**Student:** 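First the structure, then my questions, so here it is.
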Amino acid sequence: MVPPPINGDTPPSGRLAGRVAVVTGASSGIGYAVALELAAAGAAVLATGRDRAALSRLAGAAAHRGLAVRVHPAEITAAAGRERLVETARNQLGDISILVHSAGVYHSGPMSLASLSDLDDQYAVNLRAPYALTQLLLPDLTRTAGDIIFVNSTQGLAASPEVGQYAATKHALRAIADSLRAELGSKGPRVCTILPGRTATAMQKRVFELEGRDWDPEGLMQPEDVAAMVLSVLELPRRAEVTDIVMRPARKVS
Ligand SMILES: NC(=O)c1ccc[n+]([C@@H]2O[C@H](COP(=O)([O-])OP(=O)(O)OC[C@H]3O[C@@H](n4cnc5c(N)ncnc54)[C@H](OP(=O)(O)O)[C@@H]3O)[C@@H](O)[C@H]2O)c1
């Protein structure tokens, strides 16, 4: 189904025209950039996060560029939050054909000190929520032969010291993506894992603080770089499926 124009605007053009995307973690960082990039490519986007003010800024930034991004605040670790999100997306935009999981949280610390509540928090946001949201949206994504993108991390490939909890959730997220892809075969949506290294976002700024480094965003990838990669994966003809993409800053941080 082609989504209706928003506020009577002219129908969208662009290579993702006619597609409906749900983007989590869109109030900040990578998800924010992905929401704008997909809207610029013509997709009807429902962007979510918890921070209402940040979501309003996203909608405003989109409008400023002549784009329409709908926003819906949701706590994605809560079943009710996920259900309302899906209902809103279906009611406002129609069958969802793109799901980008960018919401995530990061905690670090040596295992001797790391708290179990940090582990639970990362499990809930980084793994359980995307799993459950994917379950809810699988009927739409299958009907539309759509795409699921999991924003993972290079920590999902190899775990650094003191990041065991975060890395474990990202390793598990990759396992879920791989299993789902194999399970769906050629009938279902394409499933892609993107594994970025350090990207200049609020999360990475906190990582720098925790590591006692001076914040150096220019030396890192920008959220728009990851968003551009998401778009190229989505724009590939359906005969091609990108399974995994590793990205890292060209300038190395020691
Ligand atoms: N930045 C990096 O260097 C880097 C590297 C590798 C991988 N990643 C991954 O990339 C993804 C995006 O990270 P980022 O750097 O863009 O981080 P960010 O700027 O901190 O954004 C995180 C997003 O997750 C959302 N979120 C967190 N908990 C949530 C919850 N319980 N319910 C709903 N939304 C929630 C936040 O929304 P609210 O604050 O509005 O709730 C925010 O929009 C994450 O999965 C992260 O692990 C980042």
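As the structure lists them, so they are numbered: ligands from 1, and atoms in each ligand from 1. Because the structure is a prediction, the values reported are computed rather than measured.
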**Student:** Check the orientation of F208 and W215. Use parallel for under 30°, tilted for 30 to 60°, and perpendicular for over 60°.
**Tutor:**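 Ring orientation, 0 to 90° scale: perpendicular.
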**Student:** Closest by any non-hydrogen atom to atom 11 (C) of ligand 1: pick that one out of S27, G104, S102.
**Tutor:** S102
**Student:** Sequence neighbours left out, what pairs pass ring-ring contact (aromatic ring centres under 6.0 Å, His included) with at least one residue falling in residues 23-75?
**Tutor:** none
**Student:** Could you check whether any heavy atom of K170 sits closer than 4.0 Å to an atom of ligand 1, since that is the contact criterion I want to use?
**Tutor:**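 True for this residue.
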**Student:** What protein heavy atom sits nearest atom 1 (N) of ligand 1, and how far off is it?
**Tutor:**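 Protein heavy atom at minimum distance: T201 OG1, 3.0 Å.
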**Student:** Looking only at protein heavy atoms, which one is nearest to atom 6 (C) of ligand 1, and how far off is it?
**Tutor:** P196 O, 3.0 Å
**Student:** Within a distance under 4.0 Å of any heavy atom of T77, pick out the atoms of ligand 1 and give their elements.
**Tutor:**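 So the atoms of ligand 1 that pass are 31 (N).
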**Student:** Out of I76, T199, N152, indicate the one that has the non-hydrogen atom closest to atom 7 (C) of ligand 1.
**Tutor:**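 Nearest option to atom 7 (C) of ligand 1, by heavy atoms: N152.
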**Student:** Given S28, A202, G29, A54, which one has a non-hydrogen atom that is nearest to atom 18 (P) of ligand 1?
**Tutor:**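 That would be S28.
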**Student:** Counting from 1, what ligand 1 atoms have a heavy atom of A74 closer than 4.0 Å?
**Tutor:**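 Under 4.0 Å from A74, ligand 1 has these atoms: 32 (N), 33 (C).
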**Student:** So which residues get pulled into L157's cluster when ILVMFWY side chains under 4.5 Å apart are joined, directly or through others?
**Tutor:**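 Traced through the cluster, L157 reaches L195, V246.
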**Student:** Which residue and atom name correspond to the protein heavy atom nearest atom 23 (C) of ligand 1, and how close is it?
**Tutor:**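 Nearest neighbour among protein heavy atoms for atom 23 (C) of ligand 1, to 0.1 Å: G25 CA, 3.6 Å.
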**Student:** Answer yes or no: does atom CZ of R52 have more than 12 heavy-atom neighbours from other residues, nucleotides or ligands under 6.0 Å?
**Tutor:**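 Check fails, neighbour count at 12 or below.
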**Student:** Heavy atoms only: which of E75, Q155, M221 lies closest to atom 31 (N) of ligand 1?
**Tutor:** E75
**Student:** So if I count the atoms of ligand 1 from 1 in the order they appear, which ones are less than 4.0 Å from some heavy atom of D51?
**Tutor:** 38 (P), 40 (O)
**Student:** Which bit of Y166 gets closer than 4.0 Å to ligand 1, counting heavy atoms only: side chain, backbone, both or neither?
**Tutor:** side chain
**Student:** Just to check, does G197 reach to within less than 4.0 Å of ligand 1 when the distance is taken from its heavy atoms?
**Tutor:**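 G197 counts as a contact of ligand 1 under the 4.0 Å cut-off.
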